Amino acid sequence: MITSLSFRSAALTALAAIIMTGSGLLPLSAQVPSPYTRTSVSGSYLAARHAGAERDAAAAAAYYRAALRGDPRNNELLNRAFLAVLANGELEEAVRLGERVLQADKNERVARLVLGVRGIKQKQYPQARQQLAQSIRGQVTDLAGTLLSAWTQANANDYKTALDAIDKLTGPDWYGFFKELHAGFILDHVGQKKDAGRRYERAYKVAPTDVRVVQAYGSYLSRQGNKEEALKVFKAFDALLPRHPLITEAINDINAGKRVPTLIDSQQAGAAEALYGLGSLVVRRGGEDLGLIYLQLSIYLAPTHPMALLSLADLYETVKKPEFAIKTYERLPANSPMQRFAQIQRALGLDSLDRTEEAKAGLEKLIAESPSDLEAIRALGDILRSRKQFAECAEAYSKGLDAVTKVEPLNWVLYYYRGICFERSKQWPKAEVDMQKALQLMPDQPLVLNYLGYSWVDQGVHLDEGMRMIRRAVEQRADDGYIVDSLGWAYYRIGNYDEAVKHLERAVELKPEDPTINDHLGDVYWKIGREIEARFQWSHARDLKPDDDELPKIVLKIKSGMPADPSSAAEVDKPKKPGGGG
């Protein structure tokens with residue numbers, strides 16, 4: 001039997017340690033390989049711990065379940081199995097385990113939350129409120145419990161009680177727009193349109209750049225027949241974040257004479273929206289463990305909620321589990337306006353798994369369907385650039401720029417990336433034009449200043465202007481190891497080794513794992529007579545797996561040092577530049 005693991009007092013911390021960072025979506029029964037189904041309790045427990053360390057939530061859940069079957073009265077294993085299956089998105093199983101958890105510990109708040117949400121799903125609202133009342137204790141959980149309980153009372157008879165509870169809740173400033181938004185949703189849902197409008201307007205004044213607030217307020221104005229004001233709200237957002245699919249769809253609907261539908265059509269949908277909003281906020285603030293729970297619960301209530309699914313996929317990407325992100329993107333409804341975005345993100349995930357041809361095929365299909373889709377074109381260009389297919393990526397970005405009917409400041413990035421591809425495919429005159437165009441569109445942009453300035457210094461032209469550009473880039477990005485490396489290497493190229501050492505040592509501090517920066521520091525050490533340190537840096541660069549074309553040069557320097565001829569000594573490739581595709 002496994003002894004106590006001191007678990008109950010830190011349920012969410014344990015969730016993070018178990019799996020938080022990468023759960024799958026496969027059925028639990030499919031996760032335990034048959035040779036291990038009869039593994040001992042301790043063996044299953046250790047396997048679960050190992051799976052957690054590997055960020056494989058599905059396997060962790062399966063092994064904890066296997067351990068629990070061997071020792072069904074072990075409450076520590078019960079808690080771990082409950083949290084694991086919850087994070088793995090198996091809510092019905094989590095409900096069953098949660099009921100067992102509460103038999104052992106009636107104060108377990110996560111189990112109370114899960115059972116409360118199950119009550120909402122089953123429209124058992126009094127039972128849901130009873131569970132939710134015992135799940136709150138803290139800033140986020142207080143707000144979550146209050147909003148979820150309010151949605152259980154979102155009916156013609158009880159909505160005033162729900163609003164009163166929302167309005168009485170006090171907390172940090174960011175509570176404000178959540179409270180106003182969901183008060184508006186509830187009033188809208190029960191037919192109190194005028195009061196709903198006032199709440200939506202307040203939420204919009206607090207958070208005019210939140211897409212759900214914009215959707216809610218714009219939808220309300222549209223449904224009230226106020227077409228011009230609705231368009232004003234949506235277009236203001238579009239000016240800040242152009243071409244968001246949900247906002248574009250709303251604008252197109254209004255222009256076509258349609259009214260934008262409400263976001264919330266049931267109490268379950270309202271509760272799911274609350275869980276999604278809080279989950280995505282918590283994840284953005286670094287609370288992936290709690291955020292994961294909220295997102296899984298949101299999807300439990302509304303399985304096709306596009307924003308919850310996208311937030312869950314984004315969480316998986318953040319914790320380096322692209323295979324699970326891909327599966328989540330594939331769950332988006334085919335008719336969702338976010339479908340193309342999901343397909344683009346899916347392609348990027350496939351590329352990260354070295355399924356590049358599959359990724360390219362998917363993007364090329366999207367581009368064939370919509371030749372002016374800049375997001376798909378840029379994603380294809382980014383993949384080709386990261387794979388060092390520079391002539392091909394220049395062609396891809398050119399298609400994007402050809403599709404631009406009016407050049408805008410946000411297009412600077414296409415010129416910048418195409419310039420990189422031109423430069424790396426030895427078409428410098430074209431690259432120079434693109435870099436200068438990018439700076440015209442976005443003056444003082446540090447990535448462009450760094451790339452163009454370094455390239456000029458490296459070529460021995462426009463030296464004063466090139467050094468000024470790099471210094472300005474460093475002023476803006478003093479903690480960017482690649483840009484600091486560019487400044488150090490520029491000083492190296494003009495023979496100012498004292499300044500070069502200072503900046504290259506700083507660059508290595510910022511990016512100690514980068515082989516190119518370590519290689520550069522070795523070169524400047526050699527030039528000032530610190531040959532032992534130079535060979536150390538080169539050896540370190542070799543061990544950090546440099547590009548295949550760089551490795552032989554580094555090995556030769558370790559063996560023979562650098563040539564005495566200054567012109568030969570400088571014959572080294574350029575440093576990595578941010579966004580330069582390696």
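As a basis for the values below, the full set of heavy atoms in this structure was taken, side chains included, without hydrogen atoms, waters or symmetry mates. What you see is a predicted model, and the numbers here were worked out from it, not measured in a lab.
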**Q.** Stepwise salt bridge (charged side-chain N to carboxylate O under 4.0 Å, His left out) check, Lys160 with Asp164
**A.** CA-CA 6 Å; Lys160 291 182 179 179; Asp164 187 55; over 6 Å; no
Q) Under a 4.5 Å cut-off applied to non-hydrogen side-chain atoms, are Ile377 and Leu414 in contact? A) no
Q | Nearest-0.5 Å distance that lies between atom OG in Ser372 and atom CG in Leu374 | A | 7.0 Å
Q. Taking all atoms of both residues into account, what is the closest heavy-atom pair of Phe185 and Ala216, and its distance?
A. CE2-CB, 3.7 Å
Q) Hey, is the main chain of Thr161 close enough, under 3.5 Å, to the side chain of Asp158 for a donor-acceptor pair? A) no
Q | Heavy-atom pair with the smallest gap, counting every atom of Ala144 and Tyr294 | A | CB-OH, 3.4 Å
**Q.** salt bridge (charged side-chain N to carboxylate O under 4.0 Å, His left out) assessment of Glu108 paired with Lys106
**A.** CA-CA 6 Å; Glu108 216 298 316; Lys106 64 180 181 180; over 6 Å; no
Q.
I need the minimum non-hydrogen distance between Ile247 and Phe234, along with the two atoms involved.
A. CG2-O, 3.5 Å
Q.
With rounding to the nearest 0.5 angstrom, report the CG to CG distance, Leu231 to Leu221.
A. 10.0 Å
Q: Could you label the plane-to-plane angle of the Tyr217 and Tyr220 rings as parallel, tilted or perpendicular, counting under 30° as parallel and over 60° as perpendicular?
A: parallel
Q. Would you call Arg378 and Glu375 a salt bridge, using N to O less than 4.0 angstrom?
A. no
Q.
Taking the side chain as everything from C-beta on, heavy atoms only, tell me whether Glu180 gets closer than 4.5 Å to Lys205.
A. no
Q: Mind checking the CG-CG spacing from Leu102 to Leu97? Nearest 0.5 Å is all I need.
A: 11.0 Å
Q) Quick check: does any side chain N or O of Ser352 sit under 3.5 Å from a backbone N or O of Gly349, one acting as donor and the other as acceptor? A) yes
Q: Start with the C-alpha gap between Trp174 and Arg285, add the side-chain angles, then the distance that decides, and say whether side-chain contact (heavy atoms from CB on, under 4.5 Å) holds.
A: CA-CA 12 Å; Trp174 56 266; Arg285 296 187 171 201; 3.3 Å; yes
Q: Taking the side chain as every heavy atom from C-beta outward, state whether Glu369 and Leu366 have any pair of such atoms under 4.5 Å apart.
A: yes
Q) For the side-chain contact (heavy atoms from CB on, under 4.5 Å) test, which of Leu350, Ile344, Leu348 pairs with Arg346? A) Leu350
(Q) Set out, in order, the CA-CA distance, both residues' side-chain angles and the distance that settles salt bridge (charged side-chain N to carboxylate O under 4.0 Å, His left out) for Asp167 and Arg199, then state yes or no. (A) CA-CA 11 Å; Asp167 289 338; Arg199 295 290 190 143; 2.8 Å; yes
Q) Are the side chain of Ser219 and the backbone N or O of Val260 linked by a donor-acceptor pair below 3.5 Å? A) yes
Q) Are Arg243 and Asp238 close enough for a salt bridge, meaning some N to O gap below 4.0 Å? A) no
Q. Does Pro126 offer a backbone N or O that forms a donor-acceptor pair with the side chain of Gln130 under 3.5 Å?
A. no
Q: Might you work through the side-chain contact (heavy atoms from CB on, under 4.5 Å) test for Ser149 and Gln153, ending with a clear yes or no?
A: CA-CA 7 Å; Ser149 292; Gln153 297 175 304; 5.5 Å; no
Q. Is there a donor-acceptor pair under 3.5 Å between the side chain of Asp314 and the backbone N or O of Leu310?
A. no
(Q) Measuring from atom CG of Asn75 to atom CG of Asp105, what distance do you get when rounded to the nearest 0.5 angstrom? (A) 8.5 Å
Q: Would you indicate whether the side-chain heavy atoms of Tyr329 and Arg331 approach each other to under 4.5 Å?
A: no
Q.
Using salt bridge (charged side-chain N to carboxylate O under 4.0 Å, His left out), reason through Glu357 and Lys360 one step at a time and then give a plain yes or no.
A. CA-CA 5 Å; Glu357 292 307 312; Lys360 288 164 59 178; 3.5 Å; yes
Q.
Test your reading of the model: is there a side-chain donor-acceptor pair from Gln339 to the backbone of Pro333, 3.5 Å cut-off?
A. yes
Q: For Leu181 and Arg212, work out which heavy atoms get closest and say how close.
A: CD1-O, 4.5 Å
**Q.** Salt-bridge criterion met for Glu93 and Arg96 (N-O under 4.0 Å)
**A.** yes
Q) Considering only heavy atoms from C-beta outward, does the side chain of Gln131 approach that of Val114 to under 4.5 Å? A) no
Q: Using the side-chain hydrogen bond (donor to acceptor under 3.5 Å, both in side chains) rule, pick out the option among Gln268, His182, His305 that qualifies with Glu273.
A: His305
Q) Does CG belonging to Asp173 count more than 12 external heavy atoms closer than 6.0 Å? A) no
Q. Going by heavy atoms in the side chains, are Val41 and Leu77 under 4.5 Å from each other?
A. yes
Q) Rounded to the nearest 0.5 Å, what separation is found between the CG atom of Asp195 and the OH atom of Tyr159? A) 7.0 Å
Q: Begin with the C-alpha distance, continue with both residues' side-chain angles, and end with the deciding distance and a verdict on side-chain contact (heavy atoms from CB on, under 4.5 Å) for Val117 and Leu275.
A: CA-CA 10 Å; Val117 172; Leu275 288 162; 4.2 Å; yes
Q | Check: Glu92 main-chain N/O paired with Arg118 side-chain donor or acceptor under 3.5 Å | A | no
(Q) Distance alone, cut at 3.5 Å: any donor-acceptor contact between the side chains of Gln224 and Asn226? (A) no
Q) For Ile383, does its backbone N or O pair with a side-chain atom of Ser386 as donor and acceptor, under 3.5 Å? A) yes
**Q.** Non-hydrogen atoms of Ser135 and Thr141 that approach each other most closely
**A.** O-CB, 4.1 Å
Q.
Please report the interatomic distance CG(Leu309) to OG(Ser298), rounded to the nearest 0.5 Å.
A. 8.0 Å
Q | Ala308 backbone acceptor or donor facing Ser311 side chain under 3.5 Å | A | no
Q: Step by step, work out the side-chain contact (heavy atoms from CB on, under 4.5 Å) result for Arg223 and Asp188.
A: CA-CA 11 Å; Arg223 287 181 284 113; Asp188 205 349; 2.6 Å; yes
Q | Within-4.5 Å side-chain heavy-atom neighbours: Trp151 and Ile264 | A | yes
Q | Short side-chain to backbone donor-acceptor contact, Asn155 and Asn157, under 3.5 Å | A | yes
Q: Would you check if Leu132 and Leu113 make a side-chain contact, meaning some heavy-atom pair closer than 4.5 Å?
A: yes
**Q.** Considering all heavy atoms, the nearest Ser370-Arg340 contact
**A.** CB-NH2, 3.5 Å
